[in-house]
Peer 1: 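Below is one structure. I have some questions about it.
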Amino acid sequence: MSASELLPKSDDQIWKIYHTTEHVEHAQYWQARIADLTVQSQLIEVEKINNKFLKFNPDLALMVDEDGLWLTANGMKMQPAWQDEVPRLKRANPKNELIARACQIKPQLNPTIKIIDATAGLGHDSLLMASLGAEVILLERHPILFALLESAKKQAETHDYLVNISQRITVIHQDSAQYLTEIAQDQADVIYLDPMFPARDHNQKSEKKQAQVKKQMQLLHLLLPEDGEMDLGDALLNLAKAKVKRVIVKRPKHAAFLDGQTPDHQWQGDAIRFDAYFQN
Ligand SMILES: C[S@@+](CC[C@H](N)C(=O)[O-])C[C@H]1O[C@@H](n2cnc3c(N)ncnc32)[C@H](O)[C@@H]1O
């Protein structure tokens, strides 16, 4: 089945939210929450949600269990899974993380550095930046991705290691182009952009991590537009440059510059790089 056959296309399309009896209240919560975001859904109570169930219900849908909200399709399920990032967060150190150097995140900085992540996605970069000490506002325009992020934040609030980090994270459902147009100048220290890029390269990940990323990406691509119609985020660069002194853009290592604009500085990693644009 192709991605476009699975994807609920029009606004009046109804998302299924699968749940078991014990999670009916959570499912009702998420139904009401996505209704606020103008997404219609229907609750479907089932006896058991396991691999077999997901395999026999391959359409793109949502699912609620004790771990929060999930996106499901083609026998797979996916969520931002911030708890799985904990080992990575524990290893991270502001001195050797390129993202920390690019965004100038330093430990015990007072006042805390404020970052707007204008292309939140699964929120993994923001989670890392928050764990290194930054205060991060995540903007995500896709309602389902936003709901998944909100669920990830809720889960983080009850997680021993993530609870403090989650307090430095705010998630907002809005198009960044609108948000960046409306905010006052210097409301943040840094604006961070990681727009979609066709055929992203994840070769730098370990095998286990790669499998997980692959699953997350496969399901993510069912939600987001196909390569040809993808919004590559070029317009966000000038909007961001007009509002803060430091804009950082994450790119695959050999990708063209965002909006064709040559950066003022670069930090190169094995598979990705960070391009910096400074305004005086
Ligand atoms: C490549 S993903 C970002 C991945 C993210 N850095 C992470 O660590 O998970 C890009 C995301 O930006 C979102 N996005 C793109 N343009 C946007 C815009 N103008 N406003 C809000 N979100 C946007 C897309 O919906 C997508 O979820």
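Below, all heavy atoms of this structure are taken into account, side chains as well, without hydrogens, waters or symmetry copies. Atoms within each ligand, like the ligands themselves, are counted from 1 in listed order. One is the number of the first residue; the rest follow in order along the sequence. Here the structure is a predicted model, which means the values were calculated and not measured.
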Peer 1: Give the intermediate values and the outcome of side chain to side chain donor-acceptor pair (under 3.5 Å) for residues Glu45 and Thr21.
Peer 2: CA-CA 6 Å; Glu45 187 165 316; Thr21 317; 2.9 Å; yes
Peer 1: Is it true that a side-chain atom of Glu140 and a backbone atom of Gly121 form a donor plus acceptor pair closer than 3.5 Å?
Peer 2: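 Confirmed, Glu140 side chain pairs with Gly121 backbone.
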Peer 1: Report yes if some N/O of Asp117 lies less than 3.5 Å from some N/O of ligand 1; otherwise report no.
Peer 2: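 By distance alone, the answer is no.
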Peer 1: Taking a cutoff of less than 4.0 Å between a non-hydrogen atom of the residue and any ligand atom, is Gly233 in contact with ligand 1?
Peer 2: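 The answer is no: ligand 1 sits nowhere under 4.0 Å from a heavy atom of Gly233.
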Peer 1: Please work out whether any backbone atom (N, CA, C, O) or any side-chain heavy atom from C-beta onward of Leu145 is under 4.0 Å from ligand 1, and answer side chain, backbone, both or neither.
Peer 2: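 Leu145 to ligand 1: side-chain contact only, backbone stays beyond 4.0 Å.
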Peer 1: Could you tell me whether Glu97 and Arg101 make a salt bridge, using a distance below 4.0 angstrom between a side-chain N and a carboxylate O?
Peer 2: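 A salt bridge is absent here (no side-chain N lies under 4.0 Å from a carboxylate O).
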Peer 1: Report yes or no: does a heavy atom of Pro80 sit under 4.0 Å from some atom of ligand 1?
Peer 2: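 No, Pro80 has no heavy atom closer than 4.0 Å to ligand 1.
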Peer 1: Between the candidates Ile144, Leu122, Leu232, Ile99, which shows the shortest non-hydrogen contact distance to atom 9 (O) of ligand 1?
Peer 2: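 Closest candidate by heavy-atom distance is Leu122.
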Peer 1: Using a 4.0 Å cut-off to any heavy atom of His124, which atoms of ligand 1 qualify?
Peer 2: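 Taking each heavy atom of His124 in turn, ligand 1 has 7 (C), 8 (O), 9 (O) under 4.0 Å.
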Peer 1: Asp125 versus ligand 1: do any nitrogen or oxygen atoms come within less than 3.5 Å of each other?
Peer 2: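 Checking ligand 1 against Asp125, an N or O pair does fall under 3.5 Å apart.
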Peer 1: Of all residues at least two apart in sequence or in a different chain, which pass the side chain to side chain donor-acceptor pair (under 3.5 Å) check with Trp70?
Peer 2: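 Scan of Trp70 (side chain to side chain donor-acceptor pair (under 3.5 Å), adjacent residues dropped) gives Asp65.
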Peer 1: May I ask you to say whether Lys250 pairs ionically with Asp125, meaning some side-chain N is under 4.0 Å from a carboxylate O?
Peer 2: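 Result for this pair is yes, salt bridge flagged.
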Peer 1: Is there a heavy atom of Ala118 sitting under 4.0 angstrom from any atom of ligand 1?
Peer 2: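 Yes.
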Peer 1: Judged on heavy-atom distance to atom 15 (C) of ligand 1, which of Glu85, Arg141, Met196 sits nearest?
Peer 2: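 Looking at heavy atoms only, Arg141 sits closest to atom 15 (C) of ligand 1.
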Peer 1: Do Lys245 and Asp186 meet the salt-bridge criterion of a basic N to acidic O distance under 4.0 Å?
Peer 2: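 Yes, this pair counts.
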Peer 1: Could you tell me the separation between the CZ atom of Phe53 and the CE atom of Met63, rounded to the nearest 0.5 Å?
Peer 2: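 Separation between the atoms: 8.5 Å.
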Peer 1: Are the side chain of Asp234 and the backbone of Asp259 linked by a donor-acceptor contact shorter than 3.5 Å?
Peer 2: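 Such a contact is found between Asp234 side chain and Asp259 backbone.
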Peer 1: Going by the atom numbers of ligand 1, which of them fall below 4.0 Å from some non-hydrogen atom of Gly123?
Peer 2: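 Checking each atom against Gly123, I get 7 (C), 9 (O).
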Peer 1: Name the option, out of Met129, His142, Glu140, that contains the heavy atom nearest to atom 26 (C) of ligand 1.
Peer 2: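 When every heavy atom of Met129, His142, Glu140 is considered, Glu140 comes closest to atom 26 (C) of ligand 1.
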Peer 1: Atom CZ in Arg246, atom CD1 in Ile115: separation rounded to 0.5 Å?
Peer 2: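 Taking CZ in Arg246 and CD1 in Ile115, the distance rounds to 9.5 Å.
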Peer 1: Is Gln174 near ligand 1, meaning one of its heavy atoms is under 4.0 Å from it?
Peer 2: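 It does; at least one heavy atom falls under 4.0 Å.
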Peer 1: Among Ser176, Pro195, Ala120, Gly121, whose heavy atom sits nearest atom 21 (C) of ligand 1?
Peer 2: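 Of the listed residues, Ser176 has the closest heavy atom.
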